[in-house]
Amino acid sequence: MYPEEKLVRKCLLQIEESLGWGPSQDWHNDVFIELSERIQQRTKVLLSPVTLKRVWGRIDYQSAPSKTTLNTLAQFAGFENWRDFKGASPSKTKHPLLKVVNANLGVIMLSASVMTVIFISFFSLKGTSNDNTTIDPESIVFKSKPIAKGLPNSVVFDLDLGEISSDSIHIQQYWDPTKTISLKPGQTQATGQYYSPGYFRAKLLVDGKPIKQHDLFIKSEGWLGTLDYQPIPKYITAEEIDDGKLSFPKVVHNEVIKNEQPINTTYHLVQDFDSISGDNFVLRSSLQNVYRDKWAVCQKSYVIVLGTKGAMVFSFSIPGCSSDLGVMMNDVYLSGKEHDLSGLGLDLSQPRDITIRVKDKQVEIFAADASLFTGSYNQSVGRVVGVRYRFLGLGEVINSQLQDIDGNIQLDLL
């Protein structure tokens, strides 16, 4: 118990209410990753998922949050800083929440990304039924199939709910409850909408409890380019971006340059990769950032590897912006505010060869023969099912090659 713990809990509760993501005790790792991204978008300060878990009491940690953390949380809740939050009257604490809600309604993750952005987790919703009858999952049918190839894509869910009569039956396509589908007892079909390729997990909830779940694979059908508008991206086909290298056409360049607000562009390749392990692979890429004016001066670029059980996100920028970088290795997140990530500070105004090597959950990144970063993680990423290259502004990918760690499988992605 630290002196301001009650005030911190009050601030966290306001954030939870404004987000509408359900009680924080049900939040999974990916929810904290998404929250980290949203806080950075709103406040320009990166609080790592690990830091957020500590503040929310999900990791045993005895120290009080730092002044930077408190100020950032208060700003995300709609206040000027922590002092402003502490001095606010009860009547003032409600109004800023409306701004937080409106600011976040249209925002999607991962990103990377970051994590996206990158794989999906879920948390429970509270139900309203008092029926305590035990449900046999084996008696329930819950399947899905995409309607078309490519993006955007709709998915049909086929159901047989048996004798379930609850008034709280839902399909959660994502961790985000705004993407939840409500079902009626006896309903046999429902549809959902997907705007990004990826490896998702759909979950059937009855009275807030997960009854059945299955994986849902939305492939990109070759390389796909996007201007990452929210909530719906603008798509650029493989024929427009893939000409021996990945590069957006002139019309997209003009659109990005005219944007007064920062915008990301992304190249996606989501498909089966011959059972290459996400814990044992080598990805070689040659990248160049081609727009560096206004809000893109830091030349921020991202390499994202998607797996069936998780994802990795590696960010790069010019050396002077390395404090704003972050690395996500599935269950491990490193912030440039708390760790020295200056090795990932690269000038990408000219093409640079970058190699990401993962062996037995040990990660090393090279540029040419120079080691830029080493790290490790704990939870398996599963099989590799996707590669994304994301640029703040515009960038090009001149080479992309994926192989298993032993070199038995080598895939030229371009």
Side-chain angles (χ1 to χ4, degrees), residues 30 33 36-37 40 46 48-50 109-119 198 228 246 264-270 276-289 298-307 310-319 321-348 351-359 361-368 370-379 381 384-392 395-403 405 413:
D30 299 337
I33 293 171
S36 173
E37 290 292 326
Q40 185 181 28
L46 179 60
S48 73
V50 173
M109 160 55 178
L110 149 124
S111 357
S113 320
V114 52
M115 305 120 117
T116 358
V117 19
I118 276 137
F119 60 95
D228 298 336
L246 298 178
N264 289 321
T265 55
T266 306
Y267 304 104
H268 311 254
L269 183 62
V270 179
I276 294 178
S277 168
D279 306 319
N280 291 281
F281 71 89
V282 178
L283 176 64
R284 296 184 176 91
S285 312
S286 183
L287 310 179
Q288 181 178 9
N289 195 299
C298 283
Q299 301 181 33
K300 294 195 74 172
S301 308
Y302 305 82
V303 179
I304 302 167
V305 179
L306 303 179
M312 300 186 190
V313 181
F314 306 101
S315 59
F316 306 87
S317 72
I318 61 173
C321 295
S322 62
S323 176
D324 290 332
L325 294 179
V327 170
M328 187 182 80
M329 299 172 288
N330 207 15
D331 59 315
V332 174
Y333 187 96
L334 304 178
S335 166
K337 301 292 185 185
E338 303 171 353
H339 301 269
D340 182 4
L341 300 181
S342 59
L344 301 176
L346 296 176
D347 184 350
L348 293 177
R352 297 291 298 269
D353 294 329
I354 297 173
T355 299
I356 298 171
R357 185 177 187 271
V358 181
K359 183 176 182 180
K361 303 186 182 71
Q362 304 292 315
V363 179
E364 189 163 10
I365 302 177
F366 301 88
S371 179
L372 308 180
F373 170 85
T374 58
S376 63
Y377 58 100
N378 307 299
Q379 298 178 7
V381 175
V384 176
V385 291
V387 174
R388 289 186 174 129
Y389 297 101
R390 176 167 295 143
F391 299 88
L392 178 60
E396 295 181 347
V397 182
I398 296 90
N399 175 62
S400 180
Q401 183 185 74
L402 177 68
Q403 69 176 57
I405 195 66
L413 306 184

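Nothing here was measured: the structure is a model prediction, and the numbers come from that model. Computed from heavy atoms alone, side chains included, the values below leave out hydrogens, waters and symmetry copies.
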request  = Start with the C-alpha gap between Val303 and Ile365, add the side-chain angles, then the distance that decides, and say whether side chain to side chain contact (heavy atoms under 4.5 Å, CB included) holds.
outcome  = CA-CA 11 Å; Val303 179; Ile365 302 177; over 6 Å; no
Can you measure from [atom1] ([X]) to [atom2] ([Y]) and round to the nearest 0.5 angstrom?
X      : Y      : atom1 : atom2 : answer
Leu325 : Leu346 : CG    : CG    : 9.0 Å
Leu306 : His268 : CG    : NE2   : 9.5 Å
Phe366 : Ile354 : CZ    : CD1   : 13.0 Å
Leu283 : Ser400 : CG    : OG    : 5.0 Å
Gln288 : Ile398 : CD    : CD1   : 5.5 Å
Ile318 : Leu344 : CD1   : CG    : 14.0 Å

Shortest non-hydrogen contact from [X] to [Y]?
X      : Y      : result
Gly395 : Tyr267 : O-OH, 2.7 Å
Asn289 : Ser301 : ND2-OG, 3.6 Å
Asn330 : Met312 : N-CG, 4.3 Å

Does [X] reach the side chain of [Y], with side-chain heavy atoms less than 4.5 Å apart?
X      : Y      : value
Met329 : Leu334 : yes
Lys300 : Cys321 : no
Lys337 : Asp324 : yes
His339 : Val327 : no
Leu348 : Ser317 : no
Ser376 : Lys361 : no

Return yes if some donor-acceptor pair links the side-chain N/O of [X] with the main-chain N/O of [Y] below 3.5 Å, else return no.
X      : Y      : value
Ser315 : Gly326 : yes
Tyr377 : Val363 : no
Asp279 : Val358 : no

inquiry  = Working note: Leu341 + Ser335, criterion side chain to side chain contact (heavy atoms under 4.5 Å, CB included); need CA distance, chi angles, decisive distance, verdict.
reply    = CA-CA 8 Å; Leu341 300 181; Ser335 166; over 6 Å; no
inquiry  = Walk me through whether Thr355 and Glu364 qualify under side chain to side chain contact (heavy atoms under 4.5 Å, CB included).
reply    = CA-CA 8 Å; Thr355 299; Glu364 189 163 10; over 6 Å; no
key: Residue pair Leu287, Arg352: steps toward the side chain to side chain contact (heavy atoms under 4.5 Å, CB included) verdict   = CA-CA 5 Å; Leu287 310 179; Arg352 297 291 298 269; 5.9 Å; no
